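Notes follow the structure.
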Amino acid sequence: QVQLVESGGGLVQAGGSLRLSCAASGRTFSSYVMAWSRQVPGKEREFVATITQSGARTSYADSVKGRFTISRDNAKNTVFLQMNSLKPEDTAVYYCAASSFYSDYVKNYPYWGQGTQVTVSS
């Protein structure tokens, strides 16, 4: 099992940037596919990005492609989400997730962090 703790959320103006971090503990971090998702009240959790165990392959939701970058540092057991050119519609709670298998479908990820709030003001 793996435990995940997100950080780095906050309030930013439209057009600004934030970098989210997710620190993992427990079983070997490098054995997990890692993902970021987000959720706003009243809506389903939405896939944002995912990265394979080695970092060789990444995938993004169309809504964030070209603005967000997922990366990982296996030596530090951490996955990151660099968010640039933020828009008000990016406002959500952002969650880190882990799985032994690659998927763009958030419901396939069994391990989740507690989330970090990102608010983008217009």
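Worth saying up front: this structure is predicted, and the values here are computed from it rather than measured. Numbering of residues begins at 1 and proceeds along the displayed sequence.
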Task: S63 vs R38, side chain to side chain contact (heavy atoms under 4.5 Å, CB included): CA-CA, chis, key distance, verdict - done: CA-CA 12 Å; S63 58; R38 64 188 182 187; 3.4 Å; yes
Task: N74 (side chain) donor-acceptor with Q53 (main chain) under 3.5 angstrom - done: yes
Task: Side chain proximity check, S99 to Y32, heavy atoms < 4.5 angstrom - done: no
- [ ] Kindly work out whether a path of hydrophobic side-chain contacts (I/L/V/M/F/W/Y, heavy atoms less than 4.5 Å apart) joins F80 to F29.
- [x] no
TODO: Kindly work out whether a path of hydrophobic side-chain contacts (I/L/V/M/F/W/Y, heavy atoms less than 4.5 Å apart) joins V106 to Y94.
DONE: no
- [ ] List the atom of L20, the atom of G9, and the distance in Å for their closest heavy-atom pair.
- [x] CD2-N, 3.6 Å
- [ ] Consider only side-chain heavy atoms of I, L, V, M, F, W and Y, link residues closer than 4.5 Å, and tell whether W112 and I51 are in one cluster.
- [x] no
Open item on the list: Whether the side chain of T91 engages the backbone of V120 through a donor-acceptor N/O pair (distance < 3.5 Å, no angle test) should be reported.
Closed with: yes
Task: Donor-acceptor contact present, side-chain Y95 to main-chain E6, <3.5 Å - done: no
Open item on the list: Distance check, rounded to the nearest 0.5 Å: N77 atom CG versus M34 atom CE?
Closed with: 9.5 Å
Task: V79 reachable from L18 in the ILVMFWY side-chain graph, under 4.5 Å edges - done: yes
Open item on the list: I'd like to know if the side chain of R72 and the backbone of T52 have a donor-acceptor N/O pair within less than 3.5 Å.
Closed with: yes
Task: NZ/NE/NH1/NH2 to OD/OE distance under 4.0 Å, D90 and K87 - done: no
Task: Donor-acceptor contact present, side-chain T28 to main-chain S30, <3.5 Å - done: no
Task: Shortest non-hydrogen separation from S21 to W36 and the atoms involved - done: O-CH2, 3.7 Å
Open item on the list: Between V5 and Q114, is there a side-chain heavy-atom distance shorter than 4.5 Å?
Closed with: yes
- [ ] May I ask you to check whether T50 and Y109 show a side-chain donor-acceptor distance below 3.5 Å?
- [x] yes
Open item on the list: Testing the basics here: between L4 and A98, what is the closest heavy-atom pair and its distance to 0.1 Å?
Closed with: CD1-N, 3.9 Å
Open item on the list: Quick check: is Y111 connected to L81 through a chain of hydrophobic side chains (ILVMFWY, heavy atoms under 4.5 Å apart)?
Closed with: yes
- [ ] Over all heavy atoms of both residues, which pair between S17 and S85 is shortest? Give the atoms and the distance, please.
- [x] OG-N, 4.4 Å
Open item on the list: So, taking the atom named CZ in F47 and the one named OG in S103, what distance separates them when rounded to the nearest 0.5 Å?
Closed with: 8.5 Å
Open item on the list: I'd like to know if the side chain of Q39 and the backbone of A92 have a donor-acceptor N/O pair within less than 3.5 Å.
Closed with: no
